2 protein chains.
Amino acid sequence: MRDLSRATGMSLAGLYYYFESKERLLFLIQKHTFTTILKNLKSRLEMVSDPERRIRIFILNHLQYFVANRHGLKVLAHEDESLKNELGSEIADIKREYYRICLGLLEDFQRVRKIDFNSRTAVMSLFGMINWIYTWYSPRVDGDALALAEEMGTIFLHGIVSVNLKGRVRTKRLRHS
Amino acid sequence: MRDLSRATGMSLAGLYYYFESKERLLFLIQKHTFTTILKNLKSRLEMVSDPERRIRIFILNHLQYFVANRHGLKVLAHEDESLKNELGSEIADIKREYYRICLGLLEDFQRVRKIDFNSRTAVMSLFGMINWIYTWYSPRVDGDALALAEEMGTIFLHGIVSVNLKGRVRTKRLRHS
DNA sequence: CTACAATTCGAACGAACGTTCGAACTTATG
DNA sequence: CATAAGTTCGAACGTTCGTTCGAATTGTAG
């Protein structure tokens with residue numbers, strides 16, 4: 001709270017005039033963030049019906065928000081489970097809806113392509129891929145969200161075996177010793 | 001430190017007889033953890049030369065340690081970047097070696113299969129998949145590390161499209177509303 | 001202008017934290 | 001047995017943290 005006070009220029013007591021507690025402030029930030037991501041996603045999904053493209057839209061939507069707000073999301077990730085009781089369960093509800101949507105996208109894909117896989121593991125693997133970027137993403141080296149979304153989308157859908165991005169591939173100079 | 005004192009039954013001051021500071025204790029825990037994972041990995045890789053199987057061994061080794069020590073690793077993930085200066089950079093060195101090994105495995109695979117992809121993105125995506133389990137893994141619903149490693153290995157190598165685990169697949173009953 | 005509400009803040013409170021210190025207790029050595 | 005070294009702990013220290021309170025300032029309405 002003292003850091004926030006310094007950063008905003010408002011006194012510590014002033015902050016408490018607007019937010020009744022640190023916990024409630026965190027709640028409002030989390031709710032706003034996850035609601036926004038969810039709203040953007042729903043709006044984009046309305047326009048596309050092909051199952052593969054819908055999965056790619058999910059990934060792109062997620063990565064764009066994460067890349068654009070990566071410093072904030074690093075903090076949110078760190079405070080992920082710190083909300084308790086009603087506040088915490090309201091956030092959990094929003095996340096659950098997000099999870100369900102992703103699960104639905106994968107199961108639609110599964111049905112159309114007539115393939116079989118553990119959908120829970122698949123959703124969680126995908127979440128891992130796209131959430132983890134808060135630990136490593138650097139705009140300089142990793143390109144924009146669109147490029148990343150294409151790479152990750154292809155890895156997730158077809159694996160590294162068949163990855164072949166139309167010319168845009170940058171092979172890194174690193175070689176293991 | 002007071003929590004540790006309560007959990008171990010040793011007094012707060014007693015802990016400081018063995019560990020000079022909280023930061024140094026965290027350092028020792030991190031160093032022991034990452035060194036162990038790295039040592040196990042190297043030992044297992046010595047026995048296998050096929051690039052695909054080596055990647056699968058990497059995944060299995062990582063998941064087995066994470067599943068066996070998931071409560072501890074949740075804490076480690078939370079304190080991931082809290083070590084500063086020399087202590088922090090010594091840990092960073094170990095992690096970098098781990099990263100390089102994984103990168104090498106992927107590039108060997110790439111060379112043998114004559115395929116092309118952004119290896120940094122691939123490594124980070126894989127790390128995301130296998131590190132993220134500390135947020136969701138439950139032994140009851142998700143099976144053991146071996147089953148998970150096979151699922152994730154296949155997703156990473158071939159994508160969800162061609163996932164087809166020999167009979168062991170459990171399709172979940174969830175359907176999105 | 002007056003009067004009242006809305007806003008801002010310095011200063012403090014109590015709790016929690018990392019750490020230290022000296023005294024007490026235990027163990028090993030001769 | 002005495003002595004010293006190794007081990008344990010209660011109690012306190014200084015600091016940081018979340019929060020509150022009353023006073024001061026600003027904005028608004030009649």
Side-chain angles (χ1 to χ4, degrees), chain A residues 1-37 65-66 69-96 131 134-135, chain B residues 1-37 65-66 69-96 131 134-135:
Chain A
M1 296 302 282
R2 274 167 238 260
D3 287 346
L4 257 32
S5 159
R6 198 176 313 112
T8 57
M10 167 159 285
S11 74
L12 191 53
L15 284 179
Y16 278 88
Y17 177 75
Y18 291 102
F19 305 105
E20 66 182 53
S21 69
K22 177 186 151 184
E23 202 183 11
R24 176 137 208 112
L25 173 56
L26 175 61
F27 166 77
L28 290 171
I29 295 172
Q30 287 196 357
K31 182 168 178 175
H32 174 262
T33 299
F34 301 136
T35 303
T36 302
I37 295 177
Y65 196 94
F66 268 53
N69 306 83
R70 74 200 136 99
H71 298 111
L73 276 153
K74 198 161 192 169
V75 178
L76 283 202
H78 199 257
E79 304 301 325
D80 185 35
E81 286 186 344
S82 51
L83 286 181
K84 309 290 177 201
N85 309 324
E86 307 81 22
L87 261 15
S89 60
E90 189 169 338
I91 299 299
D93 287 344
I94 303 176
K95 289 185 181 173
R96 190 159 22 243
N131 282 336
Y134 84 86
T135 67
Chain B
M1 295 303 281
R2 272 164 241 261
D3 286 349
L4 256 33
S5 160
R6 198 176 314 111
T8 58
M10 167 159 285
S11 75
L12 192 52
L15 284 179
Y16 279 88
Y17 178 73
Y18 290 101
F19 306 105
E20 65 182 54
S21 68
K22 176 185 151 183
E23 201 183 12
R24 177 140 207 111
L25 172 55
L26 175 61
F27 167 77
L28 291 171
I29 295 172
Q30 287 195 357
K31 182 170 178 174
H32 174 262
T33 299
F34 301 136
T35 303
T36 302
I37 295 177
Y65 197 93
F66 268 53
N69 306 84
R70 75 202 135 98
H71 298 110
L73 277 153
K74 197 160 193 170
V75 177
L76 284 201
H78 200 256
E79 304 301 324
D80 185 34
E81 286 186 344
S82 51
L83 287 181
K84 309 290 177 200
N85 308 325
E86 308 82 22
L87 263 13
S89 60
E90 190 169 336
I91 298 299
D93 286 345
I94 303 176
K95 289 185 182 173
R96 189 156 25 241
N131 282 335
Y134 83 87
T135 67

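Just so it is clear: chains get the letters A, B, ... in the order the sequence lines come, proteins before strands, and each one is counted from 1. All of these numbers come straight from a predicted model, not from anything done at the bench.
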Problem set entry | Integer-rounded Å distance: C/dC17 P and B/Leu4 CG |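 Interatomic distance, CG of B/Leu4 to P of C/dC17: 12 Å.
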
Problem set entry | Derivation of the side-chain contact (heavy atoms from CB on, under 4.5 Å) call for B/Ile91 and B/Leu87 | CA-CA 7 Å; B/Ile91 298 299; B/Leu87 263 13; over 6 Å; no

For this session: Enumerate the residues from residues 81-88 of chain B whose closest heavy atom to DNA chain C is under 4.0 Å, giving them by residue number; use none for an empty result.
Result: none

[X]: partners by salt bridge (charged side-chain N to carboxylate O under 4.0 Å, His left out), with sequence neighbours left out:
| X | result |
| --- | --- |
| A/Arg2 | none |
| A/Lys22 | none |
| B/Lys31 | B/Glu90 |
| B/Arg70 | none |

Seminar exercise, completed: The contact string for nucleotides 19-24 of chain C, one letter per nucleotide 5' to 3', using protein heavy atoms under 4.0 Å with B, S and - for base, sugar-phosphate only and none, comes out as BBB---

Exercise. Considering residues at least two apart in sequence or located in another chain, which fulfil the side-chain contact (heavy atoms from CB on, under 4.5 Å) criterion with B/Thr36?
Worked result: B/His32, B/Asn40, B/Tyr65

Exercise. For A/Phe19, what residues pass the side-chain contact (heavy atoms from CB on, under 4.5 Å) criterion, not counting sequence neighbours?
Worked result: A/Leu25, A/Leu28

Problem set entry | ring-ring contact (aromatic ring centres under 6.0 Å, His included) partners for B/Phe66, two or more places apart |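 Once residues adjacent in sequence are excluded, the partners of B/Phe66 under the ring-ring contact (aromatic ring centres under 6.0 Å, His included) criterion are B/His62.
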
Is there any protein nitrogen or oxygen under 3.5 Å from a nitrogen or oxygen in nucleotides 5-7 of chain C, and what are the pairs?
from: C/dT7; atom 1: OP2; to: A/Tyr17; atom 2: OH; distance (Å): 2.6

Seminar exercise, completed: Applied to residues 71-83 of chain B, the salt bridge (charged side-chain N to carboxylate O under 4.0 Å, His left out) test, sequence neighbours excluded, yields A/Lys74-B/Glu81, A/Glu81-B/Lys74, B/Asp80-B/Lys95

Problem set entry | For B/Thr135, all residues meeting side-chain hydrogen bond (donor to acceptor under 3.5 Å, both in side chains), sequence neighbours excluded | B/Trp132

